[in-house]
Q: 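One structure coming up, written as structure tokens, with questions to follow.
Convention: sequence-line order gives letters A, B, ...; per-chain numbering from 1.
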Amino acid sequence: MNLITNLKQTTAASLLHLYQVTISPEQVLVNATKPEFEGDYTVVLFAFVKQLGKSPDVVGNELGAAMQKALPTIITHYNIVKGFLNFTISNDYWLAYIKNADTKSLVPPTTTPQKIMVEYSSPNTNKPLHLGHLRNNFLGLSIAEILKVQGHEVVKTCIVNDRGIHICKSMIAWQLFANGATPSSTNKKGDHFVGDYYVKYNDAFKAEVAGLVAGGMTQELAEKEASIFKAAQEMLLKWEQGDAATLDLWKRMNSWVYEGFEVTYKKIGSDFVKTYYESNTYLLGKELVEQGLSKKVFYQKEDSSVWIDLTGDGLDEKIVRRKDGTSVYITQDIGLAQLKQKEFNNDVSIYVVGDEQNYHFKVLKLICQKLSLPAADGIHHLSYGMVELPTGKMKSREGTVVDADDLVDAMIAISKEKTEALGKVSDFTSDQLTALYNTIGLGALKFFLLRVDPKKKMIFNPEESIDFHGFTGPFIQYTHARIKSILRKTGVTVSITNNELLPLEKQLAIELSTFPAIINEAAENLDPSKVAIYAFNLAKLFNTFYAELSIANAESETKKQVRIQLGILTAATLQNAMRVLGIEVPEQM
RNA sequence: AGCCUCGUAGUAUAAUGGAUAGUACAUGAGUUUCCGAAACUCCAAAUCCAAGUUCGAUUCUUGGCGAGGCUACCA
């Protein structure tokens, strides 16, 4: 049992014994003691002094004595400061922890493993991936790893938005302007190639609209009347009718895009057990509309369109089938949710999607619940904020996006530059160097995008935002590499016979012991930033420890053994923490 | 108009209602005869405003002000 749980339970038991009051262990607040006070863990007394009708000092003294008596090998001292009961934990406890910690299973597996689907990435096939997609991909990858390390079975899926008017725009522009050019004929990555035509479409569209407006048309009308827009609409119609030539071009251009995506996904580490294509799924959900009608979850209006009334749940009315009988977005998503559940039999389904769709997912979950679809309660939306630039929102139509490939390449280039300047890897082969630059560059980028609460929108300043010092991936990678280098020289732990701990040694042990709780917190909140913050704090603490205390030249052999073991545990914990963020840690850098 | 997020030093961020609001970058001052200085140490600097609940509020409630998003028979 972990120490905090133990302290909570003992507090509750002691209170029951002393005062005959029942307080559940979850109600007991146990915190790490602030450094300026004596002690390791603190029980906050205010919560129960009121119902006991005694002063905090009296309760503190009685409770402290009782707890020490209950846990004689764990608690060595206690003191009370203004309603805070501080406990000092015995060195023996921490030494036993250091000795017994297993680097192969730092996180105990959950007792209730589930099958969890994580859907992430959701690209459009009319343009390459950008910075926003990177945040999405890194969040999806990370949350999948966090759940895996807890012992859940994870299925990663992707839904590709491969049809619709936006793709037709790229297709039209290609027909108009490409003269038969292809990615290979222009030596361009396929997704970028197609994306260029999307931009060309918009340029042409804008120019045409401007011309029409100059000729006296209103902006609104001009946007509807522009011939290039009409051509795109017509193409969408042909696509829906199954026109062979249109489908051929669509398939051809999409295949270019997929080739490009594959390169990017491989580079950033994204993979999927199953990829769904919207062109296959956009007709799903039709039977569900019928079911919903017969279950009276949905109702039909006079024009024969079908709706659900969610006003009772504080939301609006929502259409689920148009009067012409076709599905809308939400209907497709309900159908896809059902399909995925049928195929994989998952208990939980996590959607990594931007926060502009918060309302959509609230509605989706509600409808699935009302239709009594299996695992409807397991639907979770991992909602994340937009990534914006100092100049404002990114707009792919206007070409003001930070391209994913460019950014990744730039990060790798910077890591190369910095690594070369330090000259610590002269013994690496060129393949090893390439791998190292990738590890560091991607580590910096992933960490930067994962270290903040996903819910918050973030501003990305390409020039200033990326750093290799401080609260960054490379800082943690460096700390790991340094520990490994030290351990290569000192050898492994032989045995621990020491019986005392210096404050920094104990502090490090305490920090190491909280890792499983951090993982649980991150999983519960679908928030990898908790792990990123933890990894940084641990690395920082180790660096302080290392600056103060020598490992190789420790005061005694027994001290050396303890510190080697602390080094081993720190390196393993950093490696595990970074792994669940999708970041590798090098042995040397 | 309604609904949902968010507002913390110059910048970026942290804090299940708990102690003197933590951290990084940038700024300033230091630390290499000793295990890796991508490191460490120290200085300075912040909770949008106003009420309320509480022993205690960055956190909860209400009202302002400000930013973004959603309220599509687009996806």
Q: Name the nucleic acid region contacted by A/T42, choosing base, sugar-phosphate or nothing; use a 4.0 angstrom heavy-atom cut-off, strictly under.
A: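 Base contact - A/T42 has a heavy atom under 4.0 Å of at least one base atom.
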Q: Are A/F46 and the base of B/rG18 stacked, counting only ring centres nearer than 5.5 Å and planes tilted under 30°?
A: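 Taking the rule of under 5.5 Å and under 30°, the ring of A/F46 does stack on B/rG18.
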Q: Is the phosphate of B/rC34, meaning OP1 or OP2, less than 4.0 Å from a side-chain N or O of A/N553?
A: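 No.
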Q: Expressed in whole Å, how much space separates the C1' atoms belonging to B/rU41 and B/rA24?
A: 16 Å
Q: Nearest whole Å is fine: how far is B/rA12 P from A/F447 CZ?
A: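 Interatomic distance, CZ of A/F447 to P of B/rA12: 18 Å.
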Q: Provide, to the nearest angstrom, the distance between the NZ atom belonging to A/K455 and the P atom belonging to B/rU13.
A: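 Nearest whole value for this atom pair: 14 Å.
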Q: I'd like the P distance from B/rA12 over to B/rA26, given in whole Å.
A: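 Pairwise P distance, B/rA26 against B/rA12, rounds to 15 Å.
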Q: Using 30° and 60° as the class limits, which term best fits the ring planes of A/Y351 and A/F361: parallel, tilted or perpendicular?
A: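 Tilted: the ring planes of A/Y351 and A/F361 meet at 30° to 60°.
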Q: Expressed as a whole number of Å, how far does the C1' atom of B/rG18 sit from that of B/rC60?
A: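 Approximately 14 Å lies between the C1' atom of B/rG18 and that of B/rC60.
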Q: Quantified in whole Å, what is the C1' atom distance between nucleotide B/rA67 and nucleotide B/rU32?
A: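 Their C1' atoms lie roughly 48 Å apart.
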Q: Within the distance-only criterion (no hydrogens, no angle test), does the side chain of A/D313 pair as donor or acceptor with the backbone N or O of A/L366 below 3.5 angstrom?
A: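 No: the side chain of A/D313 does not pair with the backbone of A/L366.
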Q: Quick check: A/F468 with A/Y478 (ring centres under 6.0 Å apart)?
A: no
Q: Please classify the nucleic acid contact of A/L549 as base, sugar-phosphate, or nothing, using heavy-atom distances under 4.0 Å.
A: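 Base: the residue A/L549, judged by heavy atoms under 4.0 Å, touches a nucleobase.
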Q: Between B/rA19, B/rA12, B/rU23, spot the one nearest the side chain of A/F536, thanks.
A: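 Ranking B/rA19, B/rA12, B/rU23 by closest atom to the A/F536 side chain puts B/rU23 first.
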Q: So what does A/N86 touch, heavy atoms closer than 4.0 Å: a base, only the sugar-phosphate, or nothing?
A: base
Q: Could you check whether A/Q432 and A/Y437, counting side-chain N and O atoms only, form a donor-acceptor pair closer than 3.5 Å?
A: no
Q: For the residue pair A/F542 and A/Y546, categorise the inter-ring angle as parallel (less than 30°), tilted (30 to 60°) or perpendicular (more than 60°).
A: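 Ring orientation of A/F542 relative to A/Y546: parallel.
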Q: Could you state the CE-C1' distance from A/M458 to B/rU8, rounded to the nearest angstrom?
A: 17 Å
Q: Taking the side chain from A/T326 and the backbone from A/R322, do they hold a donor-acceptor pair closer than 3.5 Å?
A: no
Q: Within the 4.0 Å heavy-atom criterion, would you say A/T472 contacts the bases, only the backbone, or no part of the nucleic acid?
A: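 Here A/T472 touches no strand at all.
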Q: Measure from CD on A/E548 to C1' on B/rC42 and round the result to the nearest Å.
A: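 In whole Å, B/rC42 C1' and A/E548 CD are 13 Å from each other.
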Q: For RNA chain B, find the residues of residues 520-531 of chain A with a heavy-atom distance under 4.0 Å and give them by number; none if there aren't any.
A: A/K530
Q: Do the ring planes of A/Y201 and A/Y198 sit parallel (below 30°), tilted (30 to 60°) or perpendicular (above 60°)?
A: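 Parallel: the ring planes of A/Y201 and A/Y198 meet at under 30°.
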Q: Any side-chain N or O of A/K424 less than 4.0 Å from the OP1 or OP2 oxygen of B/rA37?
A: no
Q: Return yes if a side-chain donor-acceptor contact under 3.5 Å exists between A/T125 and A/D162, otherwise no.
A: no
Q: With a cut-off of less than 4.0 Å, is there a side-chain N or O of A/T544 near OP1 or OP2 of B/rU41?
A: yes
Q: Could you classify B/rU61 for me, syn or anti, using a glycosidic angle within 90° of 0 as syn?
A: anti
Q: Is the count of non-hydrogen atoms from other residues, nucleotides or ligands lying under 6.0 Å from A/E420 atom CD greater than 12?
A: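 Check passes, neighbour count above 12.
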Q: Specify the residue among A/I551 and A/I533 whose closest nucleotide of RNA chain B lies further upstream toward the 5′ end.
A: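 In this pair, the answer is A/I533.
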Q: Would you mind checking if A/K340 and A/E119 are paired as a salt bridge, meaning a charged N to carboxylate O distance below 4.0 Å?
A: yes
Q: If I pick the P atom on B/rC6 and the same atom on B/rA14, what distance separates them, to the nearest angstrom?
A: 11 Å
Q: Rounded to the Å, how far apart are A/E26 CD and B/rG17 P?
A: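 The answer, rounded to whole Å, is 16 Å.
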Q: Give a yes or no on whether a salt bridge exists between A/R563 and A/E505, defined as a side-chain N under 4.0 angstrom from a carboxylate O.
A: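 Between A/E505 and A/R563 there is a salt bridge, with a charged N closer than 4.0 Å to a carboxylate O.
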Q: Between the side chains of A/T88 and A/D40, does any donor sit under 3.5 Å from an acceptor?
A: no
Q: Under a 3.5 Å cut-off on both pairing distances, which runs of 3 or more consecutive Watson-Crick or G-U pairs involve RNA chain B?
A: B:1-7 with B:65-71, B:10-13 with B:22-25, B:28-31 with B:39-42, B:48-52 with B:60-64
Q: A/K82 near the nucleic acid: base, sugar-phosphate alone, or nothing, with a heavy-atom cut-off under 4.0 Å?
A: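 Touches sugar-phosphate only.
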Q: Is it true that A/E290 and A/R321 have a side-chain N and a carboxylate O under 4.0 angstrom from each other?
A: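 Answer for the salt bridge query: yes.
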Q: Heavy atoms only, 4.0 Å cut-off, all strands: where does A/N358 land among base, sugar-phosphate and nothing?
A: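 Nothing, no heavy atom under 4.0 Å.
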Q: Output the rounded distance in Å from CG (A/L450) to C1' (B/rA12).
A: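 Answer to the nearest Å: 16 Å.
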Q: What is the distance, rounded to the nearest whole Å, between atom CD1 of A/I440 and atom P of B/rA38?
A: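 Distance, rounded to whole Å: 12 Å.
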Q: In whole angstrom, give me the gap between the C1' atoms of B/rG28 and B/rA45.
A: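 Straight-line distance between the two C1' atoms is 12 Å.
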Q: Does A/Y478 stack onto the base of B/rG36, taking stacking as ring centres under 5.5 Å apart and planes under 30° apart?
A: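 Aromatic stack with B/rG36 absent for A/Y478.
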Q: Counting primed atoms plus P, OP1 and OP2 as sugar-phosphate and everything else as base, spell out the protein contacts along nucleotides 68-75 of chain B at 4.0 Å heavy-atom distance: B, S or - for each nucleotide, 5' to 3'.
A: SSSS-BSB
Q: Between B/rA14, B/rA38, B/rA12, which nucleotide has the shortest distance from any of its atoms to the side chain of A/R451?
A: B/rA12
Q: What's A/K540 touching, base or sugar-phosphate or nothing? Going by heavy atoms closer than 4.0 Å.
A: sugar-phosphate
Q: Does B/rG7 have OP1 or OP2 sitting under 4.0 Å from an N or O in the side chain of A/K456?
A: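 A/K456 to B/rG7 OP1/OP2: side-chain N or O found under 4.0 Å.
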Q: Rounding to an integer number of Å, can you tell me how far A/F542 CZ sits from B/rA38 P?
A: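 Answer to the nearest Å: 15 Å.
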Q: Is the phosphate of B/rA39 approached by A/H469 (side-chain N or O, under 4.0 Å from OP1 or OP2)?
A: yes
Q: For a quick check of understanding: with a heavy-atom distance under 4.0 Å over all strands, which category does A/A547 fall into, base, sugar-phosphate or nothing?
A: sugar-phosphate
Q: Which value, in whole Å, describes the distance between the P atoms of nucleotides B/rG52 and B/rA57?
A: 12 Å
Q: Could you give the distance separating B/rU62 and B/rA19 at their P atoms, to the nearest angstrom?
A: 25 Å
Q: Measuring to OP1 and OP2 of B/rC35, would you say a side-chain N or O of A/R488 lies under 4.0 angstrom away?
A: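 Looking at the OP1 and OP2 atoms of B/rC35, neither is under 4.0 Å from any side-chain N or O of A/R488.
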Q: What does A/A481 touch in the nucleic acid at a heavy-atom separation under 4.0 angstrom: a base, only the sugar-phosphate, or nothing?
A: base
Q: Without swapping roles, check the side chain of A/D303 against the backbone of A/S305 for a donor-acceptor pair under 3.5 Å.
A: yes
Q: Hey, is A/F84 doing a stacking thing with B/rA19, by the 5.5 Å centroid and 30° angle criteria?
A: yes
Q: Flag the pair A/F536 / A/F471 as yes when their ring centroid distance falls below 6.0 Å, and as no otherwise.
A: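 Centroid separation for A/F536 and A/F471: below 6.0 Å.
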Q: Please classify the nucleic acid contact of A/N537 as base, sugar-phosphate, or nothing, using heavy-atom distances under 4.0 Å.
A: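 Here A/N537 touches no strand at all.
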Q: Relative to each other, are the rings of A/F84 and A/F46 parallel, tilted or perpendicular (30° and 60° limits)?
A: perpendicular
